[in-house]
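Only a predicted model underlies this, so the values are computations on that prediction, with no experimental measurement involved.
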Protein chains: 2
Amino acid sequence: MVAMERRDPEQDERLRSEIWEALYDFFMAEHERNLEAVAELGVSPGDLKALMRLAPGRGEPMRALADMWRCDASTVTWIVDRLQKQGYVERRPHPTDRRVKVVALSAEGEELRERMLRRLYRPPAVLSELSPGELAALHRVAARLAPPADQ
Amino acid sequence: MVAMERRDPEQDERLRSEIWEALYDFFMAEHERNLEAVAELGVSPGDLKALMRLAPGRGEPMRALADMWRCDASTVTWIVDRLQKQGYVERRPHPTDRRVKVVALSAEGEELRERMLRRLYRPPAVLSELSPGELAALHRVAARLAPPADQ
DNA sequence: TCATAATGTTGGATATATCAAAGTATCTGT
DNA sequence: ACAGATACTTTGATATATCCAACATTATGA
């Protein structure tokens, strides 16, 4: 409809807004459905967030979790307590500093995390309806949006 | 790299998953930043959800809100009480049914809602870095993902 | 009209989430 | 060695969010 070489900044801005609104609405709706689905597995939004942010096979000191989650140390105690009672994480001693407790996913925790990820990352049906060209374009965009893999 | 006419279903599936994971991560990160931003304005996630779901200029009976939000009637009472104390919504009588209370955004509520929307829908910086071609492709995809406007 | 249903509120219970203050154990630098 | 910092926990307070049961008010249908 519009000449491709046109670069009106104001119009570009409107286009970006229109795109972002549509995508945002779509993602929020998907996310809400996902939260309901994981809730049915007895996983609270807080549990989910914590589970997602614990790298499998690698433990983190409580202190590091408080920094990562930007909350109080005692909040971490509370959250980890709950996850531990459910058997999803373990507190392990730090090899050199006996003050530190290293929190790591248990086998059950890793399994649950996997299941959650499969649910969250399940591509919505509409994605299957896109043409190969659209899919390729979206792929390039997604690659651009993805945060630069930290080192 | 790969011939365009190739349609390996398994490979398509992997491509869709890859795209969705990247997009999902990106949106969740954005959303979290947004929640922090609105929290600084004294708006809880629940307030935000309620505010976003109240169409400006149109009131809804409490009962309708309970159905829309899929929660107990007394939960709606609680949420609306809080929003009303903050001055963002009003309870109005129903024109014909005196049992019903119609909840509508106040002027302040509409204003707050507008501010929230501007924040949520603010396109992220990366979007400005996309090429016109990428932006156009994303636009088509966004139009496809957008839920069919009801009726 | 009169039993029944629906709307919304109140009160009580519980879960989730957060912080601040105070305490215990351990570490570190001088 | 010891004073001060750091890591974590406990306790107590508060906010958010939800449900259920009981209730008052109002509508509806037989």
[X], [Y]: one ILVMFWY side-chain cluster at the under-4.5 Å cut-off?
| X | Y | result |
| --- | --- | --- |
| A:V76 | A:W78 | yes |
| B:L35 | B:M52 | yes |
| B:V100 | B:L65 | no |
| A:M28 | A:L145 | yes |

Just by distance, no angles: are the side chains of B:N34 and B:Y121 close enough, under 3.5 Å, to form a donor-acceptor pair? no
Kindly give the heavy-atom pair with the smallest separation between B:R119 and B:R33, and that separation in Å. NH2-O, 4.0 Å
How far apart are the closest heavy atoms of A:S44 and A:R82, and which atoms are they? OG-NH2, 3.3 Å
If you apply the rule salt bridge (charged side-chain N to carboxylate O under 4.0 Å, His left out), what do you find for A:R144 with B:E129, and how did you get there? CA-CA 9 Å; A:R144 275 270 189 94; B:E129 296 165 10; 5.6 Å; no
I need the [atom1]-[atom2] distance between [X] and [N], as an integer number of Å.
| X | N | atom1 | atom2 | result |
| --- | --- | --- | --- | --- |
| A:M68 | D:dA7 | CE | C1' | 16 Å |
| B:R98 | D:dT28 | CZ | C1' | 14 Å |
| A:M62 | D:dT10 | CE | C1' | 12 Å |

Applying side chain to side chain contact (heavy atoms under 4.5 Å, CB included) between A:V102 and each of A:H94, A:E60, A:R58, report the one that passes. A:H94
Table of protein N/O atoms under 3.5 Å from nucleotides 4-6 of chain C N/O atoms:
residue	atom	partner	partner atom	Å
C:dA6	N3	B:R99	NH1	3.2

Can you give one letter per nucleotide of nucleotides 15-20 of chain C, going 5' to 3': B for a protein heavy atom under 4.0 Å from the base, S for sugar-phosphate only, - for none? -SBBBB
Taking only heavy atoms on the protein side, list every residue of residues 85-97 of chain B lying under 4.0 Å from any atom of DNA chain D, sorted numerically. B:T96, B:D97
With a 6.0 Å cut-off on the ring centroids, do B:F27 and A:W20 count as close? yes
